[in-house]
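Every chain is numbered from 1, with letters handed out A, B, ... down the list of sequences.
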Amino acid sequence: MTSLPATPHRLGERRPWTAVVHEWATTVDHKRLGIMYVVTGMIFLVVAGLEGSAMRAQLTFAENKLISPEVFNQLFTMHGTTMVFLMGMPVLLGMANFLVPLQIGARDMAFPRLNAFGFWLFLLGSILLYFSYLGAPGLDGAAAAPDVGWFAYAPLTERPFSRGNSTDYWILGIMVGGFGSMTTAINLIATTLCMRCPGMTLMRMPLLTWMMLVVAILILTAIPVLTAAQVMLLFDRSLGAHFFDTQNGGDAVFWQHLFWFFGHPEVYILILPGFGFISEVIPVFSRKVIFGYPLMVAATVAIMFISLGVWAHHMFVVGLGPFLNSLFAATTFLVSIPTGIKVFNWLATLWGGHIRFTASMMFALGFLAMFVLGGLTGIMLAVVPFDWQLSDTYFVVGHFHYVLIGGLLNAIFAGLFFWFPKATGRLLSETLGKWSFWLLQIGFTLTFGPMHISGILGMPRRIAYYEPDRGWEIWNQISSFGVIFQILAVALFAWNVITSLRSGRRAGNDPWDAWTLEWATTSPPPEHNFDTIPVVGSRRPLWDSKHPEDPDSSYGA
Amino acid sequence: MSAIPASILTDPVARPSRGKVGMASLIMMESCFFATFVVAYLFYIGKSATGPQPRDVLDLGPVIVNSIALFASSYTAIRSFRALAAGAIRAFEGWLLLTILLGGYFIVGTGLEWYGLITQHGLTITTNLFGTTFYSLVGFHAFHVIVGLVCLTGILVLSLRGHVKPRDAGRVELVGWYWHFVDAVWVVVFTVVYLVGRDGGTLTP
Ligand code: HEM
Ligand SMILES: [Cu+2]
């Protein structure tokens, strides 16, 4: 990212690369930290994407001998763990880091050094996780990378069943990264509550900032539970404690409760920032205010509370009994109400708008379509008898890839196309962006659509082999075929970033004619963000300054 | 943004202090962490297949003295911060020292309790589920007390070197919040381990 002018230096001045590295490594600037988060996250998107592609290669043919079952187990573990903790979290926290102070008219986060600390913790955690490939065999050479699945069910993770150190690396890598996420969450809460510019009341905050605030609260509620569970597991493995040790009275289902108490809020930690991007992109490219702002805020807060009480829908097949199963099915249905409210609000924002089909907007619309489909299969899975049939099959894999790739990844791309010019001063190519969009949607649908069918046909997830006479092969082949398009889409995006950084069109302060404060400053913003701290009188401060004859503020919004 | 009428520029709500919000968030996060260990303790009460059981080995007497010391330290901490805010540096240091001593007494007391449990009753973290959950929960609490003691001692040393001024009272008080939180956690731990768990602790056949 050489195009970011370093504040103390003149533009164009040549400096040794060590000086540049030193500057980035010691920075406490929220924008640079944000960019480092996003870049690291996108690198892990490629890594985990390749792991996924390797699994698809193995499953293309029945009884394929390309990848051994042991390696396959490592692949799906590392793929899931990486996508959630090393791609999703850093990209979203990075975007939050970059955008929240700008959107609320602040000069930095509340605790800039803590912020840098959080990033380096995250990086250490991810290195720990991948170091397992080298370090995990330990002295007895009994393991390589973690191979217990991203939810690491006990008692498989206990010492007798998971030899070597791979599970310990899984624990430590995620735990250290989790501390990073938690410090960032503390920072985000303090920033949004304490650093808002004059006039920026809570109900004037951009929706993205609102959602990041709620995400931060969810992080502080859910991740400590995972950390505690991981500490227990670590005690079991290294001190001989018995938390999940079924041979000494420990309870394996207890791990499931703890993990999913974290795990379900975690999926909302991942999707709420996506909702935030969409809530900024859709109004700007529909040339309308967001429909039902207070309702959006209320729905976000409602999702926060409800999502803490639905975790056992991941455990319907455990045998919790009819009472608990019905209870958690009911709460799960409940969470689709605020989610549905949001979808209708986005649709109502689009309705009658002057829609501009930029690449960013197309990804946002792709998000809407795919996320709704994924939400619908989610509701199907919340029907207990239906779930008994389909739990642990490819149907579930289809469901969560619709919400996470069709939903979250589309939203991330919508956000990246939208804010890349702000971060770098250059616009991404719209043409390449639209190619990426169509390739991704086609590839994604080809890969994950058929998984619903192979799942209904009974194909379990996490298997490395299947017999040819099951009728699964054709669906697997379509799935694998789709991967090619997805790889092309991401490669094209990478190419787009590289070429646009050098020769993209100059963005100017406000390329999209948008309304929130980040567009009031230069692109890229100076280190202190704003020369004078802005003062706002409505939810759309830039509209007010562009249209002094008809400001929002005169409607009391 | 000259177009905005001055009347709506004024945002009546003053922003809270970021130190306080940050510390409150940290406390919320720590509460969730402790809650998990408390739930684990409650969940495994009475599920140890072999002894020793809590009723046989937990001695309430010393623990109650310990607890009184810890609760008293919350009071002395409040006195010390008030003294600082009032500018009475010597009184501040005196009360702070007393707080540290009381906290230190609690840690030593816990250490002695553990020593007895390990050497006399052979209870370690590997012995049974009681040992597993007991040492984890009580141990994490003790660890937090130690962190608090380190912070308080740091403040005392700074103050003795003349670096703490009444205008720092707000920041010093944040450490106080943490200290009170650790105290409050002990109320829960004490209730769960020594009151609820002690008698539920036998596996009734
Ligand atoms: C309308 C809302 C949703 C409902 C009703 C719903 C319901 C469910 C249910 C019942 C399962 C368990 C299936 C099983 O294992 O048998 C599940 C799995 C899953 N869901 Fe959702 N879901 C919804 C939205 C989402 C969203 C928004 C995300 C993420 C952004 C998500 C991510 C996941 C993941 C990752 C899993 C699988 C976890 C695993 O087993 O590895 N879901 N969902
Ligand atoms: Cu869930």
Output the distance between atom [atom1] ([X]) and atom [atom2] ([Y]), rounded to the nearest 0.5 Å.
| X | Y | atom1 | atom2 | result |
| --- | --- | --- | --- | --- |
| A:F261 | B:C32 | CZ | SG | 7.0 Å |
| A:N248 | B:K47 | CG | NZ | 14.5 Å |
| A:N187 | B:R18 | CG | CZ | 9.5 Å |

Is the number of heavy atoms from other residues, nucleotides or ligands within 6.0 Å of [atom1] ([X]) greater than 12?
| X | atom1 | answer |
| --- | --- | --- |
| B:K20 | NZ | no |
| A:Y153 | OH | yes |
| A:F117 | CZ | no |
| B:R82 | CZ | no |

**Request:** Heavy-atom distances under 4.5 Å only: say whether A:D251 touches chain B with side chain, backbone, both or neither.
**Result:** both
**Asked** Non-hydrogen atoms of chain B under 4.5 Å away: do they reach the side chain of A:L239, the backbone, both or neither?
**Response** both
Using a 3.5 Å cut-off and no angle test, enumerate the donor-acceptor pairs between side-chain atoms of residues 160-168 of chain B and protein atoms at least two apart in sequence or in another chain.
residue: B:K165; atom: NZ; partner: B:G162; partner atom: O; Å: 2.7
residue: B:D168; atom: OD1; partner: B:R171; partner atom: NH2; Å: 3.3
residue: B:D168; atom: OD2; partner: B:K165; partner atom: N; Å: 3.0

Pairs of donor and acceptor atoms involving the side chains of residues 125-142 of chain B, under 3.5 Å and at least two apart or interchain, shall be tabulated with distances.
residue: B:T126; atom: OG1; partner: B:T124; partner atom: OG1; Å: 3.0
residue: B:T127; atom: OG1; partner: B:G122; partner atom: O; Å: 3.2
residue: B:T127; atom: OG1; partner: B:T124; partner atom: N; Å: 2.7
residue: B:T127; atom: OG1; partner: B:T124; partner atom: O; Å: 3.2
residue: B:T127; atom: OG1; partner: B:T124; partner atom: OG1; Å: 3.2
residue: B:N128; atom: OD1; partner: B:F130; partner atom: N; Å: 3.2
residue: B:N128; atom: OD1; partner: B:G131; partner atom: N; Å: 2.8
residue: B:N128; atom: ND2; partner: B:T50; partner atom: O; Å: 2.8
residue: B:N128; atom: ND2; partner: B:G51; partner atom: O; Å: 3.3
residue: B:N128; atom: ND2; partner: B:P52; partner atom: O; Å: 3.1
residue: B:T132; atom: OG1; partner: A:H242; partner atom: N; Å: 3.1
residue: B:T132; atom: OG1; partner: B:I125; partner atom: O; Å: 2.8
residue: B:T132; atom: OG1; partner: B:N128; partner atom: O; Å: 3.2
residue: B:T133; atom: OG1; partner: B:L129; partner atom: O; Å: 2.8
residue: B:T133; atom: OG1; partner: B:F130; partner atom: O; Å: 3.3
residue: B:Y135; atom: OH; partner: B:L123; partner atom: O; Å: 2.6
residue: B:S136; atom: OG; partner: B:T132; partner atom: O; Å: 2.5
residue: B:H141; atom: NE2; partner: B:V182; partner atom: O; Å: 2.9

**Message:** I need the contact set between residues 225-235 of chain A and chain B: heavy-atom distance under 4.5 Å, sorted by residue number.
**Reply:** A:V225, A:T227, A:A228, A:V231, A:M232, A:F235
**Prompt:** What residues of residues 217-224 of chain A sit under 4.5 Å from chain B when only non-hydrogen atoms are counted?
**Reply:** A:I217, A:L220, A:T221, A:P224
**Prompt:** Side chains of B:R15 and A:M195: does their closest heavy-atom pair fall under 4.5 Å?
**Reply:**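 The answer is no, as the side chains (C-beta and beyond) never meet within the 4.5 Å cut-off.
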**Asked** Using non-hydrogen atoms only, which part of B:F43 is less than 4.5 Å away from chain A: side chain, backbone, both, or neither?
**Response**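 For B:F43, the contact with chain A is made by the side chain alone.
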**Message:** Looking at every heavy atom in both A:C194 and B:V21, which two are closest together, and how far apart are they?
**Reply:** SG-CG2, 3.5 Å
**Message:** Which heavy atom of A:G249 sits nearest to which heavy atom of B:Y44, and what is that distance?
**Reply:** O-CE2, 3.9 Å
